[in-house]
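Here is the structure we will look at, set down as structure tokens.
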Amino acid sequence: MSEPVRIIERFRVPPGCTLLVGLPDVGLVGVIATTHIVSALGMEEAASVESELMPPIAVLHDGLPHSPIRIFHKDTVLAVLSETAIPAPVVQPLAKALVDWSKNRSVKMVISLGGLPTPERQELTLENIRIFGAASTPTALEMLKNWDVEALKRGFMVGPYALILRYAAESGLDAIALLAQSFYEYPDPEAAAVVVSRVTEMLNLKVDVSELLKKGEEIRLRARDVMRRTQQELNRMKKSQEYDLPLYV
Amino acid sequence: MVWERRRRRDIFDIIDEYFEEMERASRELFESLLGGRPSWDVSERCLEPLTNIHITPDEVIVRVDLPMVKPESIKVRALGGNVLEVSADMNRTISFNDFGITHRRGEFCGFKTKIRIPLPVDMEKMTTKFARGFLEIRLPRKRREGVRIPVE
């Protein structure tokens with residue numbers, strides 16, 4: 001029986017890369033951030049993600065069809081990016097497939113980029129948006145500490161990044177999630193810029209975020225439809241459970 | 001297992017089925033409201049903004065994402081029946097071409113949406129604020145006179 005989610009490679013990626021993950025979630029932070037990095041570094045398409053569980057979509061670029069979920073490569077960086085909302089039933093097999101593939105291709109570390117829904121986000125300016133982190137292993141947790149990222153110690157995570165961390169933990173793969181305080185239901189290019197600045201600093205990459213900030217309003221305009229559909233899927237995943245208080249103290 | 005299949009459904013099974021059915025129906029309704037129609041209207045030359053309604057014990061707060069608009073053009077009208085209409089002109093006209101779409105014709109010069117407020121509110125006491133591309137509308141909830149029960 002074939003796997004529910006398959007990764008079809010155009011070429012074999014080198015071992016030891018860092019995989020950035022930008023899947024649609026709150027504020028589309030990960031998608032906006034990863035799209036900017038892929039474009040700024042001029043990354044090339046290395047693989048596409050296929051699944052019968054996904055709606056029958058082809059994304060047209062320059063007249064040619066592509067999978068909505070693709071993996072890009074440049075030097076020691078890989079980036080997985082989705083241009084459409086991920087249906088809730090695809091989240092689990094997709095997270096599993098990405099972790100298994102990362103393990104098979106000797107990925108050094110997985111870094112998921114995203115947002116942490118914050119009710120008072122409207123009052124936060126670019127300078128005081130904070131980044132929090134979560135890690136899959138004690139080593140990855142130590143890395144967060146060294147990078148001066150405050151770790152989420154207790155509470156619930158819901159969505160693809162939660163499962164990537166869990167599966168990575170099970171297979172001993174170092175993975176972290178970098179989450180900037182963000183809007184829940186509106187595209188948030190400012191939070192994305194904060195995440196891009198931090199992750200590129202961590203990986204010693206040169207990526208300018210001024211263009212991302214300049215185009216912020218235009219990105220918010222373009223991202224409305226993906227945000228709308230992502231919000232539907234977040235509701236199905238019961239994303240609001242992230243606001244719940246945990247049982248044990 | 002045969003016994004399992006023949007067992008009569010108990011009340012919990014019926015309740016579970018009821019909730020599953022409700023959830024399925026609400027998903028379909030959500031899909032039909034949001035997924036089945038475009039977020040743009042070529043004949044009105046307008047786009048539909050992202051909107052969210054937040055309910056607190058005292059207020060209903062509506063937040064509308066209005067990027068690239070002229071702040072002085074924003075209009076909020078109470079249409080009756082607890083419906084608000086929000087409209088705004090954009091600071092430049094956007095066409096399908098700007099989205100890289102060449103197979104459709106049409107351009108957009110503003111945002112427009114109608115928002116149904118789900119609870120009784122005092123429209124007369126509505127306040128609005130526009131900051132950093134977001135319009136915030138605050139509507140005080142109408143209070144029903146309750147009966148005060150003393151706590152022993």
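Naming convention: chains lettered A, B, ... in sequence-line order (proteins, then strands); numbering from 1 in each chain.
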Can you tell me how far apart [atom1] ([X]) and [atom2] ([Y]) are? Round to the nearest 0.5 Å.
{"X": "B/Asn52", "Y": "A/Tyr184", "atom1": "CG", "atom2": "OH", "value": "9.5 Å"}
{"X": "A/Met227", "Y": "B/Leu50", "atom1": "CE", "atom2": "CG", "value": "7.5 Å"}
{"X": "A/Leu221", "Y": "B/Phe111", "atom1": "CG", "atom2": "CZ", "value": "5.0 Å"}
{"X": "A/Leu124", "Y": "B/Arg132", "atom1": "CG", "atom2": "CZ", "value": "7.5 Å"}

Inset, instruction - Apply side-chain contact (heavy atoms from CB on, under 4.5 Å) to the pair A/Glu218 and B/Arg92, showing each step before the final yes or no. - result: CA-CA 11 Å; A/Glu218 198 181 316; B/Arg92 71 179 171 94; 3.7 Å; yes
Legend entry - A/Glu190, part contacting chain B, at a heavy-atom distance under 4.5 Å: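 Looking at A/Glu190, just its side chain touches chain B.
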Is there a donor-acceptor pair closer than 3.5 Å between any side-chain N or O of [X] and the backbone N or O of [Y]?
{"X": "A/Arg220", "Y": "B/Gly133", "value": "yes"}
{"X": "A/Tyr186", "Y": "B/Phe134", "value": "no"}
{"X": "A/Glu217", "Y": "B/Met68", "value": "yes"}

Inset, instruction - Please flag which part of B/Thr102 lies under 4.5 Å from any non-hydrogen atom of chain A: side chain, backbone, both or neither. - result: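 No part of it gets close to chain A.
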Legend entry - Under 4.5 Å from a heavy atom of chain A, the part of B/Ile94 involved: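 Contact with chain A involves the side chain of B/Ile94 alone.
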Inset, instruction - Mark yes when over 12 heavy atoms from residues, nucleotides or ligands other than A/Arg166 sit less than 6.0 Å from its CZ; otherwise mark no. - result: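 No, CZ of A/Arg166 has 12 or fewer neighbouring heavy atoms, counting only those of other groups under 6.0 Å.
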Legend entry - Exceeds 12 heavy-atom contacts within 6.0 angstrom, atom CD of B/Glu124: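 Check fails, neighbour count at 12 or below.
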